[in-house]
Amino acid sequence: MTLKSATEKLVRVGIVGISGYSGYTALKILLKHPHVRVTYVSANNTQGPVGDIWPRLKGETDLTCTKFDPKTAADLCDVIFLAVPHTVSMDITPQLLKAGKQVIDFSGDYRLSSPEEFKKWYGAGHKDTANLGKAVYGLPEILREKIKKAALVSNPGCYPTAAILALAPMTMTKGEEVGAIIIDAKSGVSGAGKKVSAGFIYCEVNENFKAYKVMNHQHTPEINQYLSRVSDRKISVTFVPHLLPVNHGILETIYVTLNRKSSEEKIQALYQRFYKTEPFVRVLGPGQQPELKNVVGTNYCDIGLALSDDGKLLVITSAIDNLYKGAAGQAVQNMNIMCGINEQIGLI
């Protein structure tokens, strides 16, 4: 649906997977959105009043979480957020699209265009290849025009959001100058979701710091695919994620070797021009670097730049909140675009 004016009609929104962190964050944002009415929430393993599931929301909503039912969801909603684990969305999405609903999927089910790549990285055969090629990657700063017309938006992964926003100005405009790319990424524990695992319990995470899935993380092909696509050249990054002992936030330090000597002034000007009209990307000034505390709880991506003395190594730092710009906040931004609403509404 498209709103002819911001006040013409409330968008009816449903959230599937309300018991997880990203589903909760989406609900928290949407309950305060002036042009949205949350009409449906569900979770297969958690039912009951939302105020009991998330006591922080007690008194803010009288919604009750039920087991997912596609017909009920379609009857009650215009737009449906799927905040569900990987491999679940592809069972749900075809039914919702057939009912004429707009779908924003938080999982990795529609991010990779190749079924073979999906099976390799997610360990399951893809059940909805018919819609795989129709999904629009939901990174507004790069693909806004396609998002406007989309019925199915594949919300980007948190790590890829920070990485692609950091690298796009260089790879899209100075691609011939870009050599090797190494992404050293760190995320808070909520990026792993609400699953119970020994590696994520308090005593294992607190006062600890570790790399994981080295050279084997499912976000690697996603970063490569979309950087290559928007840059019109093959790009392959080295991506190493780490687990930070914090709840929220991602900070990536990205090392880019340059085939041609550059200057910090030129690169700074390039990034400022590239993101001049983007409301949620803040390019910091010379000598400034992003910090998690400045982006946590917001939909912003902060980017810092530095260049080696010989002008041949560019260091880009990028920081986001993994549950906002890396998940629910970006999903709301996409919903605003799809529905003809100012994309900043509900997020600032």
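Note that the structure is predicted; figures quoted are calculated from it, not measured.
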Considering non-hydrogen atoms only, spot the tightest contact between Ile183 and Ala163 and give its length.
CD1-CB, 3.9 Å

Rounded to the nearest 0.5 Å, how far does OG of Ser228 lie from CD1 of Ile223?
11.0 Å

Measure the spacing between CD of Glu252 and NE2 of His242 and express it to the nearest 0.5 Å.
11.5 Å

Per side chain to side chain contact (heavy atoms under 4.5 Å, CB included), Glu343 is matched among Ile348, Asn334, Val332, Ile337 by Ile337

Less than 4.5 Å apart, any side-chain heavy atom of Leu258 and any of Leu307?
yes

Indicate the atoms forming the closest heavy-atom contact of Val189 with Leu244, along with that distance.
CG2-O, 3.5 Å

Arg260 and Lys174, any side-chain heavy atoms less than 4.5 Å apart:
no

Answer whether the closest heavy-atom distance between the side chains of Leu63 and Leu27 falls below 4.5 Å.
yes

Examine distances only and state if a side-chain atom of Glu141 and a backbone atom of Phe280 form a donor-acceptor pair shorter than 3.5 Å.
no

Between Tyr324 and Leu347 (side chain of the first, backbone of the second, donor and acceptor by atom type, cut-off under 3.5 Å), is there such a pair?
no

I'd like to know if the side chain of Ser190 and the backbone of Asn247 have a donor-acceptor N/O pair within less than 3.5 Å.
yes

Let's go through Tyr110 and Met90 carefully: what are the C-alpha distance in whole Å and the side-chain angles of both, what is the deciding distance for side chain to side chain contact (heavy atoms under 4.5 Å, CB included) to 0.1 Å, and is it a yes or a no?
CA-CA 8 Å; Tyr110 294 92; Met90 57 185 170; 3.8 Å; yes

Do Leu227 and Tyr271 land in one hydrophobic cluster if side-chain heavy atoms of ILVMFWY residues count as linked below 4.5 Å?
yes

Look at the side-chain heavy atoms of Ile, Leu, Val, Met, Phe, Trp and Tyr, link any pair under 4.5 Å apart, and say whether Ile341 and Val38 land in one connected group.
yes

Would Leu82 and Leu96 satisfy side chain to side chain contact (heavy atoms under 4.5 Å, CB included), going step by step from the backbone distance to the final call?
CA-CA 11 Å; Leu82 300 182; Leu96 299 176; 4.1 Å; yes

Over 12 foreign heavy atoms within 6.0 Å of NZ, Lys146
no

Could you tell me if His33 and Asn336 have a donor-acceptor pair between their side chains, going purely by distance under 3.5 Å?
yes

On a heavy-atom basis, which atom in Lys101 and which in Ala74 lie closest, and how many Å separate them?
CE-O, 2.9 Å

Any donor-acceptor N/O pair, Thr257 side chain to Ala180 backbone, under 3.5 Å:
yes

Closer than 3.5 angstrom, by distance alone: can the side chain of Glu264 be matched with the main-chain N or O of Pro286 as a donor-acceptor pair?
no

Please report the shortest heavy-atom distance between Ser22 and Ala328, naming the atom on each side.
O-CB, 3.5 Å

Enter the distance from Ile316:CD1 to Leu167:CG here, rounded to the nearest 0.5 Å.
5.0 Å

Of the options Arg144, Gln344, Lys325, which is the one that meets Gln333 in a side chain to side chain donor-acceptor pair (under 3.5 Å)?
Lys325

Taking the inter-plane angle between the rings of Phe118 and Tyr122 on a 0 to 90° scale, is it parallel (under 30°), tilted (30 to 60°) or perpendicular (over 60°)?
parallel

Treat each ILVMFWY residue as a node, draw an edge where side-chain heavy atoms are under 4.5 Å apart, and state whether Val237 and Leu314 are in one component.
yes

Short side-chain to backbone donor-acceptor contact, Asn299 and Gln330, under 3.5 Å
yes

Can a donor-acceptor pair be found, under 3.5 Å and without considering hydrogens, that links the side chain of Glu222 to the backbone of Gly157?
yes

Sort out for me which residue in Arg12, Lys9, Arg37 forms a salt bridge (Lys or Arg N to Asp or Glu O under 4.0 Å) with Asp78.
Arg12

What verdict does the side-chain hydrogen bond (donor to acceptor under 3.5 Å, both in side chains) test give for Asp105 and Ser89, after you've listed the backbone C-alpha separation in whole Å, the side-chain angles of each residue and the deciding distance to 0.1 Å?
CA-CA 7 Å; Asp105 177 31; Ser89 292; 2.5 Å; yes

Basic-acidic side-chain contact under 4.0 Å: Glu116, Lys119:
no

Please round to the nearest 0.5 Å and tell me the distance separating atom NE2 of His217 and atom CH2 of Trp121.
9.5 Å

Rounded to the nearest 0.5 Å, the OG1 atom of Thr317 sits from the CG atom of Asp184 at a distance of 11.5 Å

Atom OG1 in Thr66, atom CD in Gln47: separation rounded to 0.5 Å?
7.0 Å

Tyr40: ring pair (Phe, Tyr, Trp, His ring centres under 6.0 Å) partners, not counting sequence neighbours:
none

Checking side chain to side chain contact (heavy atoms under 4.5 Å, CB included) between Ser42 and each of Val16, Thr72, Ile15, which is the one that passes?
Val16

Side chain proximity check, Asp109 to Thr93, heavy atoms < 4.5 angstrom:
no

Any side-chain heavy atom of Asp321 within less than 4.5 Å of one from Thr298?
no

For Asp91, is there any backbone N or O sitting under 3.5 Å from a side-chain donor or acceptor partner on Lys127?
no

Contact check, side chains of Ile147 and Pro140, non-hydrogen atoms, under 4.5 Å:
yes

Are Ile320 and Ile254 joined in one hydrophobic group, where the rule is that I, L, V, M, F, W and Y side chains link up if heavy atoms are under 4.5 Å apart?
yes

Is a side-chain donor or acceptor of His86 paired with a backbone partner of Gly108 at a separation under 3.5 angstrom?
yes

Would you call Met335 and Leu30 a side-chain contact if the rule is heavy atoms closer than 4.5 Å?
yes

Residues pairing under side-chain hydrogen bond (donor to acceptor under 3.5 Å, both in side chains) where one sits in residues 200-216, two or more places apart or in two chains, turn out to be Tyr159-Tyr212, Tyr202-Asn206, Lys213-Gln218

Assess whether atom CG of Asp310 is packed by more than 12 heavy atoms of other residues, nucleotides or ligands within 6.0 Å.
yes

Heavy atoms only: give me the nearest Met338-Ala151 pair and the separation to one decimal.
CE-O, 4.2 Å

Decide yes or no on side chain to side chain contact (heavy atoms under 4.5 Å, CB included) for Leu251 and Glu291, but give the supporting numbers first.
CA-CA 8 Å; Leu251 192 142; Glu291 299 180 37; 6.0 Å; no

Side chains of Leu323 and Tyr24: closer than 4.5 Å at any heavy-atom pair?
no

Are Tyr300 and Asn294 close enough that a side-chain donor and a side-chain acceptor fall under 3.5 Å?
no

Any donor-acceptor N/O pair, Arg111 side chain to Tyr137 backbone, under 3.5 Å:
no

Is there a path of hydrophobic side-chain contacts, each under 4.5 Å between heavy atoms, that joins Ile18 and Ile29?
yes

Locate the shortest heavy-atom distance separating Asn131 from Pro94; write the atom from each residue and the value.
ND2-CA, 4.1 Å

Indicate the ring-plane relationship of Tyr21 and Trp54, choosing parallel, tilted or perpendicular according to the 30° and 60° boundaries.
tilted

Show your working on side chain to side chain contact (heavy atoms under 4.5 Å, CB included) between Ser231 and Met170 and close with a plain yes or no.
CA-CA 9 Å; Ser231 305; Met170 284 299 295; over 6 Å; no

